[in-house]
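Heads up: the structure comes next, in structure tokens.
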Amino acid sequence: MKPFEIISALPQWAGASPAEIVASPAFTMPCRIGGEQLSLRHAAVAPDEESSLAVKTAFGAEEHVILLARSRRFPDLDRIWDSRGDVPEALLLALVERECGDVFQMLENAVRSQMRLVGIGGAADGRRLAFELSDGSLVFSIDASETVLTAFGVLRNLDLFHESIRACTLECECEYAAFALGGEEVSALAPGDAILLPEIGGVSPRYVVDGRFSAGADGVLRFSGDGLFRVRAAEPGTMTLGELFDAAEKPFVPPSPAQGLQLRLVKDGRRIASGRLDRLADQFAFMVEAI
């Protein structure tokens, strides 16, 4: 599995609303402006109405006010910026249309709805989203409408290298063996019994993460319980999402168990027995200590 497949399989992310995705500090939306491949990210400082240029636009019938901060991307606008209030609206609108066309085209492509310029000015009321281009050349804000949130708030617009995502923790259990047992064998288990584990030393251990993934020598795969009995470390641990992503890109082998390690025998997430790892002759065995 690839990192995007992993995050898409986690309910907390797959079920996130567009607003939650856009609000994430990991939000980074790829975009193209003219011939440049850039990205949009949250602006460190949102533009305010006094120092910005308010441009009234519309996506279809839905009107928006975009606040544009002063930008080197717009050299002619920059020259008249300090006196923009004295420029006739028709001339200012024509200048905006000419110089900001690539930015507006980027927004039109992102929202997937035809965008048109309505005029200069307008009150920037309600909740707003402030963005900046990844090269730092432009800061703007736009109304946080459902149209914008739905278009921007998709999982692919999350930077999976961002620490806020990589640091998320998931429960993981180290699994050393899996096998079938008959019903009579299970019901007859008692403290002092031993279950031979020929898999140990012959099959690589793996981590079962969040009950959804297995991580080990084969990379990261979807986990399937398939009705087997499983020998795992007695205590679960944690793995960060970043570590799981790394395991998908560069498979690894968990450490082999040492004699005396405390273990659990489980099936379908339910503990069947507790015990320890020991040796019987030349084979490892699960020594049952409690049922």
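Throughout, numbering of the chain's residues begins at 1 and tracks the sequence. Hydrogens, waters and symmetry mates are skipped; everything else that's a heavy atom, side chains included, is used.
A pairwise comparison of heavy atoms in Arg212 and Asp210 identifies NE-OD2, 2.8 Å as the closest pair. Taking each heavy atom of Gly216 and Pro254 in turn, the nearest pair found is CA-CD, 4.2 Å. Pro47 and Val139 make their closest contact through CD-CG1, 3.7 Å (heavy atoms, listed as atom of the first residue, atom of the second, distance). Nearest heavy-atom pair, Leu228 versus Ala178, reported as atom, atom and distance to 0.1 Å: CD1-CB, 4.1 Å. For the pair Lys56 and Glu63, the tightest heavy-atom approach, listed with the atom from each and the gap, is CD-OE1, 3.8 Å. Closest approach of Ser164 and Ala26 over heavy atoms only: OG-CB, 3.7 Å.
Atom SG of Cys100 sits about 11.0 Å away from atom CE of Met106, to the nearest 0.5 Å. Taking CG of Leu265 as the reference point, atom CG of Leu181 lies at 6.5 Å (rounded to 0.5 Å). If you take OG on Ser214 and CD on Glu175, they are separated by 8.5 Å, rounding to the nearest 0.5 Å. Summarising the geometry, atom CZ belonging to Phe286 is positioned 6.0 Å from atom CG belonging to Leu263; distances are rounded to the nearest 0.5 Å. To the nearest 0.5 Å, atoms CD1 (Ile200) and CD (Gln259) are separated by 10.5 Å. Here Ser71 contributes atom OG and Trp81 contributes atom CH2; the two are 8.0 Å apart, rounded to the nearest 0.5 Å.
A donor-acceptor pair shorter than 3.5 Å can be found between the side chains of Glu62 and Ser145. A donor-acceptor contact closer than 3.5 angstrom links the side chains of Arg73 and Ser137. When only modelled atom types and interatomic distance are considered, Ser83 and Asp86 share no side-chain donor-acceptor pair under 3.5 Å. Side-chain contact, Arg41 with Thr28: no donor N or O sits under 3.5 Å from an acceptor N or O.
Side-chain heavy-atom separations under 4.5 angstrom define the hydrophobic clusters, and the remaining members of the one that includes Val220 are Met1, Phe4, Ile6, Ile7, Leu10, Trp13, Ile21, Leu155, Leu158, Leu160, Ile165, Leu170, Tyr207, Val209, Phe213, Met239, Leu241, Leu244, Phe245, Phe252.
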Item to complete: Apply side chain to side chain contact (heavy atoms under 4.5 Å, CB included) to Thr169 and Glu171, showing your working.
Response: CA-CA 7 Å; Thr169 57; Glu171 184 176 273; over 6 Å; no
Worksheet entry | From CA spacing to verdict: side chain to side chain contact (heavy atoms under 4.5 Å, CB included), Asp193, Met287 | CA-CA 6 Å; Asp193 287 347; Met287 307 301 294; over 6 Å; no
Discussion item. Checking Val208 against Arg232 for the side chain to side chain contact (heavy atoms under 4.5 Å, CB included) test, could you report, in this order, the C-alpha distance in whole Å, the side-chain angles of both residues, the deciding distance, and whether it holds?
Written reply: CA-CA 9 Å; Val208 177; Arg232 295 177 178 173; 3.6 Å; yes
Worksheet entry | Step-by-step side chain to side chain contact (heavy atoms under 4.5 Å, CB included) determination, Arg32 to Asn109 | CA-CA 9 Å; Arg32 179 173 291 277; Asn109 293 342; over 6 Å; no
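Atom CZ of Arg279 sits in a crowded spot, with more than 12 heavy atoms from other residues, nucleotides or ligands closer than 6.0 Å. Within a 6.0 Å sphere centred on CD of Gln37, other residues, nucleotides and ligands contribute more than 12 heavy atoms. Around CZ of Arg84, the count of heavy atoms belonging to other residues, nucleotides or ligands within 6.0 Å exceeds 12. For Gln262, the CD atom counts as densely surrounded, since its 6.0 Å shell holds more than 12 non-hydrogen atoms of other residues, nucleotides or ligands.
No path of Ile, Leu, Val, Met, Phe, Trp and Tyr side chains, each step under 4.5 Å between heavy atoms, connects Val154 with Val22, placing them in separate hydrophobic clusters. The hydrophobic cluster containing Phe74 also contains Phe140, counting ILVMFWY residues as joined when their side-chain heavy atoms lie under 4.5 angstrom apart, directly or transitively. Taken together through direct or relayed side-chain contacts under 4.5 Å among Ile, Leu, Val, Met, Phe, Trp and Tyr, Ile66 and Leu133 form part of one hydrophobic cluster. Both Leu40 and Val111 belong to a common hydrophobic cluster when Ile, Leu, Val, Met, Phe, Trp and Tyr are linked at side-chain heavy-atom distances under 4.5 angstrom. Hydrophobic clustering, with ILVMFWY side chains joined whenever heavy atoms are under 4.5 angstrom apart, groups Val87 together with Leu77.
For the pair Leu280 and Gln283, the minimum side-chain heavy-atom distance is 4.5 Å or more. Side-chain contact between Arg206 and Leu221 is absent, with no heavy atoms from C-beta onward closer than 4.5 Å. Two residues are said to be in side-chain contact when any heavy atoms from C-beta on lie closer than 4.5 Å; Leu68 and Ser52 fail this criterion. Counting heavy atoms from C-beta on, the side chains of Glu199 and Phe179 come closer than 4.5 Å. Considering only heavy atoms from C-beta on, Glu249 comes within 4.5 Å of Pro3 through its side chain. Annotation: side chain of Asn157 is in contact with side chain of Pro30 (closest heavy-atom distance under 4.5 Å). The shortest distance between side-chain heavy atoms of Pro191 and Ile291 falls below 4.5 Å. Counting only heavy atoms from C-beta outward, the side chains of Glu99 and Leu95 approach each other to under 4.5 Å.
Between the side chain of His162 and the backbone N or O of Pro25 there is at least one donor-acceptor pair closer than 3.5 Å. Although no hydrogens or angles enter the test, the distance criterion places no donor-acceptor pair under 3.5 Å between the side chain of Thr150 and the main chain of Thr147.
The distance between the ring centers of Phe284 and Tyr176 does not fall below 6.0 angstrom.
Between Asp78 and Arg70 a salt bridge is recorded (basic side-chain N to carboxylate O distance below 4.0 Å). A salt bridge links Asp76 and Arg98; the closest N-O separation between the charged side-chain nitrogens and carboxylate oxygens is under 4.0 Å. Note on Arg230 versus Asp226: salt bridge recorded, some NZ/NE/NH1/NH2 to OD/OE distance being below 4.0 Å.
Classification of the Phe27-His42 ring pair by plane angle, with boundaries at 30° and 60°, yields tilted.
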Cut-off 3.5 Å, no hydrogens considered: what does the side-chain donor-acceptor table look like for residues 266-277, sequence neighbours left out?
unit_1 : atom_1 : unit_2 : atom_2 : d
Arg271 : NH1    : Ser274 : OG     : 2.9
Arg276 : NH1    : Glu289 : OE2    : 3.1
Arg276 : NH2    : Asp278 : OD2    : 3.3

